[in-house]
Structures are given as structure tokens and as C-alpha cells.
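Written below as C-alpha cells is the structure these notes are about.
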Amino acid sequence: MILLGVNIDHCATVRQARYRQAASTTGGAVEPDPVTLAVLAERAGADGITVHLREDRRHIQERDVWRLRETIATRLNFEMACTPAMVEFALKLKPESVCLVPENRTEVTTEGGLDIVGNRERVEAATDAMNAAGIVTSLFIDPDAAQIELGAQLGAPWIELHTGAYAEAYYSQRRAAELARLVAAAKLGVQSGLTVNAGHGINYVNVAEVRTIPHLHELNIGHSIISRALFTGIEEAVREMKARMNG
Ligand code: PXP
């Protein structure tokens, strides 16, 4: 069975659109609350909750992360840039896993995988620190052999394959080639001793094909689930995605 990590960042995006200047992230009329959403997602079968505390704090705030840490019953997967400040924060937070992602202030969302070949020292330092603290490190990387092989060498136990290029190519002729890249990357990941996750741009349509990628441990899905929840509520949105992932 493929596990589902629900990324709740965009619940906070909606709150921040109106309450960025509010004195607190909760209380009064401040809504929607990502922690409440996380609890409901868990109740519907989410296997973990994912958040990305971005440097510009555009959606999730530090207080959200601490409240999640105290509240959720599944696993907290903490996406973060590979910087000393975020490593220090994660060591205090102690999530079950961290996912190292690239971060660029001008991007609308995470646009590409982390280039661990080009950032080897920083990635290795962060991975070593997490390993020593008993926190699982996942590397969010493109489905590229050099990145996967180096990821395994650096001692990270997990990778998350970036499915964004595949999702973008879904309605084009490039789709089969992008899927083949993901399949080859997943096989190489497992051969290299890694646990293979995937995420970005996965939705209720393309998940039917994404789930055919071999060896998948977990999918991290945000935008499509939060969008669907506007119509069905989060519990039904999570239940439906889980049903489509595992058939
Ligand atoms: N995985 C990672 C590492 C991400 O950065 C994101 C986007 O924040 C996701 C998964 C979820 O992507 P989406 O919102 O497109 O489902």
C-alpha cells in the first residue's frame, strides 16, 4: 500500500491572504486553521502531514509547526531549505522526517529538485546532523541518476522524486518519456538502498498512472487535495485520494 502524506501549506496560504497582519495565527475570526485541517486529514486516513516553512513565511508560520508537532498523531514531514538556520530549527522541532528542498524567493512553488551534486557539502552536513538526531532525511530530487546515486552515498535513507515535470507533461507527447524517467529513477533508488517517495503536481487524474511507478513508499500531495476539499471537505478529499492511490 502506498502511503499518503498530505501537504497542508495551501490551507495556510488562504489564511495568510487575509490575516497576514493579525496578531496571532489563531483566535478571533482567523481562519482557516491548518492544524485543524491536519487533524481532520488524519482522521480520514492521511499517513502523515507535510509542511514547508519557507524563508519568506508566505504560508506556514513557525507557530503552526510547533502546534502541529504537539497535536498530530501520525508523522510530521518537515520540508525545509538546506540552510544552517533551518537545520537548527529542525533539530529543536524533531519531526519524524525532513525533506530537503531547494528554495527560491521568486518561485510560486518549489520548481525543481534539489541539486545535491552542486550543493554536496550543505546536503551532507544537513543529512549528517539529521542522522545523528534520529530524524529521517528525504532528498527532493529530479529523477536523475547522478542525483540518486549521490543521495545514497551521502547517507540519506529516503528520496522524494520530483513529479512536477511529469505532471506538466501530462497532456503532451512528453508524458510517456517523463513517466519512464520516474520509473527508471525509482528502480535505481531501490537498487541503491533508498526508500522512494514522490511528490509535486500529483492530482486525482494523474495519480492513476503515478501509482504504477514501482517501489513507491509514499506520495506527498498538497494542492489538489486542498483544492478538492473546498468542495467536498478535507475528509472526503483525503479518502478519495487514498482510494485512487491504492485502488
Ligand atoms: N513535495 C514537495 C517536496 C513539495 O515541495 C511540494 C510542494 O510544496 C509537494 C510535494 C506537494 O506538491 P503539490 O502541492 O503540487 O501537490
Side-chain angles (χ1 to χ4, degrees), residues 2-14 16 34 37-38 41 46-60 64-65 68 75-82 86 90 95-105 107-116 123 126 136-144 147 151 156 158-170 178 182 185-186 189 194-207 209-211 213 216-230 234 237-238 240-242 244-245:
I2 305 171
L3 303 179
L4 173 62
V6 176
N7 181 315
I8 60 170
D9 291 346
H10 291 309
C11 178
T13 301
V14 175
Q16 297 306 100
L37 188 91
D47 300 290
I49 300 297
T50 296
V51 287
H52 183 179
L53 183 66
R54 295 186 73 105
E55 191 192 7
D56 63 10
R57 304 295 193 265
R58 69 175 69 158
H59 38 53
I60 289 290
D64 296 322
V65 182
L68 282 168
R75 289 182 299 109
L76 179 59
N77 178 41
F78 184 62
E79 286 181 11
M80 59 181 233
C82 197
M86 289 315 300
E96 278 70 21
S97 57
V98 299
C99 183
L100 301 182
V101 299
E103 209 175 286
N104 164 0
R105 272 176 181 259
E107 69 193 359
V108 176
T109 180
T110 311
E111 280 165 1
L114 178 65
D115 175 15
I116 59 173
V123 174
V136 172
T137 301
S138 179
L139 304 174
F140 184 53
I141 54 178
D142 290 328
D144 176 85
Q147 302 285 346
W158 291 6
I159 53 172
E160 180 171 325
L161 295 174
H162 193 314
T163 45
Y166 163 78
E168 269 175 35
Y170 191 80
E178 292 294 347
L182 288 163
L194 295 161
T195 293
V196 177
N197 299 330
H200 203 94
I202 300 172
N203 58 39
Y204 291 85
V205 176
N206 65 26
V207 71
E209 199 164 71
V210 169
R211 62 180 265 193
I213 299 167
L216 287 176
H217 171 70
E218 182 169 69
L219 298 180
N220 274 302
I221 308 180
H223 187 270
S224 65
I225 291 179
I226 303 298
S227 303
R228 180 64 62 98
L230 289 174
I234 186 68
V238 169
E240 186 177 345
M241 184 58 85
K242 280 209 78 166
R244 288 183 186 227
M245 282 165 54

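Starting from 1, each residue takes its place in the sequence as its number. Order of listing sets the numbers, starting from 1, for every ligand and every atom in it.
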Between R58 and T13, is there a side-chain heavy-atom distance shorter than 4.5 Å?
no
Using ring pair (Phe, Tyr, Trp, His ring centres under 6.0 Å) as the criterion, list what pairs up with H59, not counting sequence neighbours.
none
Are the side chains of E160 and V101 in touch, meaning some heavy atoms are under 4.5 Å apart?
no
So is N220 polar-close to ligand 1, meaning N/O to N/O under 3.5 Å?
no
Ignoring hydrogens, just give me the one of H59, H200, H223 whose non-hydrogen atom is nearest atom 6 (C) of ligand 1.
H200
Test of proximity, S224 against ligand 1: N or O pairs below 3.5 Å:
no
State the atoms of ligand 1, each with its element, that fall below the 4.0 Å cut-off from a heavy-atom position in N7.
8 (O)
Closest approach of V51 and D9, non-hydrogen atoms and distance?
CA-OD1, 3.3 Å
Evaluate G222 for polar contact with ligand 1, using N/O atom pairs at a separation under 3.5 Å.
yes
For ligand 1, is any non-hydrogen atom under 4.0 Å from E160's backbone (N, CA, C, O), its side chain (CB onward), both, or neither?
side chain
Result of checking M80, H52, E79 against C99 for side chain to side chain contact (heavy atoms under 4.5 Å, CB included)
E79
For G201, the ligand 1 atoms with a heavy-atom partner under 4.0 Å come out as 12 (O), 13 (P), 15 (O), 16 (O)
Any nitrogen or oxygen of E79, main chain or side chain, under 3.5 Å from a nitrogen or oxygen of ligand 1?
yes
Plane angle bin for H162 and H200 - parallel if under 30°, tilted between 30 and 60°, otherwise perpendicular:
tilted
Under 3.5 Å between some N or O of ligand 1 and some N or O of F140?
no
Is there a donor-acceptor contact under 3.5 Å linking the side chains of Y170 and E209?
no
Contacting atoms of ligand 1, where contact means under 4.0 angstrom from a heavy atom of I221
16 (O)
Just by distance, with hydrogens left out, do N77 and T50 show a side-chain donor and acceptor under 3.5 Å apart?
yes
Show which atoms of ligand 1 fall inside a sub-4.0 Å distance from at least one heavy-atom site of V101.
3 (C)
